[in-house]
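Comments concern the structure below.
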Amino acid sequence: MSMDTQSLLRALPKVDLLLEREDVAALAATHSRALVTDAIRETLDALRADILAGAEPDVTEDAVVAAVALRAADKAQRSLRRVINATGIVVHTNLGRSRLAQAAVDAVAEVAGGYSTLEYDVESGERGSRHVHVEKLICKLTGAEAAMAVNNNAAAVLLGIAGLARDKEAIVSRGQLVEIGGSFRIPDIMREGGARMVEVGATNKTHLRDYEAAMTPATGLLLKVHSSNFRVVGFTEEVSAAELVQLGSQHGVPVFEDQGSGVLVDLRKWGIDYEPTVSESIAAGVDLVSCSGDKLLGGPQAGILAGKWHVIERLKKHPLARAVRLDKMTLAALEVTLRLYLDEEQALLEIPTLRMLTTPKSAIGERAVLFADAIAAACGDAYVTGTSDDVSRAGGGALPMADIPTVVVTLSPQRMSVTELEVRLRRGETPIVARINADRLLLDPRTLSPAEEAEIVSALKAIAGE
Ligand SMILES: *Cc1c(COP(=O)(O)O)cnc(C)c1O
């Protein structure tokens, strides 16, 4: 070790002395003494490592305290926090899928901060069931005899398969052996559910006779999976739920349809591509249908199971049901979201996912012009601003082919590269996530609230003024 290295190491301030400084005491008052002590130790460790690696960092107390302040602020930052989604991807899986309706947010806060009727019947004063909070609503909205909700649709599919087809054969079309996000694959989930998968048909075409030929005395389930996140286009054919129901009933075999996105109302009225609704599956006579709560339904992360009374009763009593059950906060959000659907107009207005998907391009365009003007007024010549026709997306592995026409605000930064601007917005106090196209940054008002637009203007102004 050289003399320089040794003297630098010796010059590093001591933890106790740093903690006695007034500015460090102020930091401890904002964060906590434990957090600031950790930040000091980590800062000194990092400086020591730098010195040993041959660097000559500033080791004066003031410099060290400045580094400690930065590290403390970083450590105090919550990991899971709000971001502003300017991408125009409405159900953005990485950004938490659906935003909840305000009424749902309020209900979550109410049950989270107090005791609740989660499993308590106030009429009788006795133990109740957590299923009651959403079961009647799901039945009313879908036409099902019975229903329950679990942790997510992956759990719903697992529970459905384990409950109906464990140690039996389950027939599924080769065109429906999909992978949905990270680690959810139909063949894997069927194996985990204890069913023996029997694949029929070809990737693009499966006929009723393929299912018929595969029926054996060991057949326990006909599974239909909606290919929500991709499309096979061209020379294709699928067997409808109604045909499967007919085949199943001839053999006494139940039909389970994984509908996926949780569409409860026909969105064609608002120009959105056709997606089969949960009610259509029920009307076709399937024994069980499942969907997500936080995709196009616009509620919290959840999996909905609806269908025949005897099937749902069996699933409620299944040992896995407890492992995948919902907590009170999610149930509160789901109940309120479903209640909004009782009035379709109210649902469209108050459920953010539905509202954003159905806002016409003309209305987005008007907002984009005002938004671009506000940025130009606040930031002078730091950015060349404009608006441009573009497309928003449903996201969340739903409506993969649907281009939703939109108008975006375009920004060309004049004093930095567009990638630098993107990074700085993303790393700000409240991260702002935007898209880049060529050398312009795109901000889609479709997924922004007016308050968020104002926050973006402030952030752009701060970046421009640095
Ligand atoms: C999204 C999806 C799933 C998985 O649902 P999660 O709620 O994400 O667990 C399963 N099946 C289909 C058809 C889907 O679209």
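Start at 1 and go down the list; that is how both ligands and their atoms are numbered. Hydrogens, waters and symmetry mates are skipped; everything else that's a heavy atom, side chains included, is used.
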Item checked: Heavy atoms from other residues, nucleotides or ligands near NZ of Lys461 exceed 12 (cutoff 6.0 Å) ->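 Incorrect, the count does not exceed 12.
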
Check: Quick one: side chain to side chain donor-acceptor pair (under 3.5 Å) partners of Lys317, sequence neighbours excluded?
Finding: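 So Lys317 forms no side chain to side chain donor-acceptor pair (under 3.5 Å) with any residue.
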
Checklist line | Asp390-Ser388 side chain donor-acceptor pair, cut-off 3.5 Å | finding: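 No, Ser388 and Asp390 have no side-chain donor paired with an acceptor closer than 3.5 Å.
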
Margin query: Checking side-chain polar atoms at under 3.5 Å, does Thr330 have a donor or acceptor matched by the opposite partner on Asp327?
Written below: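 Short answer, yes.
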
Check: Got a sec, which pairs hit side chain to side chain donor-acceptor pair (under 3.5 Å) with one end in residues 137-149, sequence neighbours left out?
Finding: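 Qualifying pairs, neighbours excluded: none.
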
Next item on the list: Name all pairs fulfilling the side chain to side chain donor-acceptor pair (under 3.5 Å) condition that reach into residues 186-198, sequence neighbours left out, sorted by first residue then second.
Entry: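 Not a single pair qualifies under side chain to side chain donor-acceptor pair (under 3.5 Å).
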
Note to self: I'd like the residue list for ligand 1, meaning every protein residue with a non-hydrogen atom under 4.0 Å from the ligand.
What the structure shows: Arg97, Asn152, Asn153, Ala154, Ile180, Phe184, His226, Ser228, Asp258, Gly260, Ser292, Lys295

